[in-house]
Every structure is written in structure tokens, then in C-alpha cells.
Amino acid sequence: MLDQCHNIERKIPAIIRSVMNVQEATAKALLVDRDALFAAQRSGDVLEANAVFMDAYNTDVRPLLAEVRADAGLDPDPVAAYKRSGYDEKIIADRVGGNQAGWGA
């Protein structure tokens, strides 16, 4: 589940950004050197285990994810693609009164 705060952020761009964040976190999790992590765990070396996680966490996976998207025939930058689509402006113009609906509507 993606928890969003739609009364602060535009709905669709916020969801796109959240999905991208999940993709980044997943890619980083896949980078964890499990052999090194298990070795650190077996020896009780908490600092080394932390270093293994931090190596993966600090890796910039955004270029790889952009490449994967491009290889799949998608725009490498989903947020920019959404902005270029003009869809946000269209749904704003189509909205009754032009105001975003919310709890106070």
C-alpha cells in the first residue's frame, strides 16, 4: 500500500514518485551482498553487517532503473513523462470549479 498525502501533493505525480521510491529500495535490497552479510552475522560483527547494508543503500541505482525503463520501451523519467503528457492540466481543467476535491469539499 502506498500512503499518500493528497491534500498537499498532486495525486498522480505523488504516486509515480512513491512507485519510483519503491523501485529504488527494491533495487538496493537486491544489491546487498548476502554472502558478506551472512559472514558478518556468523562472526557477530555488527559493524561489518551494517557496512554491507550501507554499501547497498548508498549505491545510486537511478541510472540503472532509467536504463531498465528505457529497455522496456518506457520513458526513463516517469515524472518528466507525466509532466510532458499534459494530463495533469487536462484533469484540472475538467474538474468542476477547477478546485481539487478533498475533505473540505
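Cluster annotation: L64 is not connected to Y57 through the hydrophobic network of ILVMFWY side chains, with a link wherever side-chain heavy atoms come within less than 4.5 Å. Taking hydrophobic clusters as Ile, Leu, Val, Met, Phe, Trp and Tyr residues chained together by side-chain heavy-atom distances below 4.5 Å, V79 shares a cluster with Y82.
Residue pairs meeting the salt bridge (charged side-chain N to carboxylate O under 4.0 Å, His left out) criterion with at least one member in residues 69-88, sequence neighbours excluded, are R10-D88, D75-R84. Residue pairs meeting the salt bridge (charged side-chain N to carboxylate O under 4.0 Å, His left out) criterion with at least one member in residues 22-45, sequence neighbours excluded, do not occur.
Between S43 atom OG and E48 atom CD the span is 8.0 Å, to the nearest 0.5 Å. Here OH of Y87 is found 5.0 Å from CD1 of I12. Values are rounded to the nearest 0.5 Å. With rounding to the nearest 0.5 Å, the separation of CG in L65 from OG1 in T26 is 9.0 Å.
When all heavy atoms of A49 and A40 are compared, the pair lying nearest together is N-CB, 3.6 Å. In terms of heavy atoms, A70 sits closest to P76 at CB-CG, 4.2 Å.
Under the 3.5 Å distance criterion, the side-chain polar atoms of N50 are left unmatched by any main-chain donor or acceptor of V46. Under the 3.5 Å distance criterion, the side-chain polar atoms of T59 are left unmatched by any main-chain donor or acceptor of V61.
In this structure, the side chains of V32 and D55 stay at 4.5 Å or more apart for every pair of heavy atoms.
Atom CG of L30 has more than 12 neighbouring heavy atoms from other residues, nucleotides or ligands inside a 6.0 Å radius.
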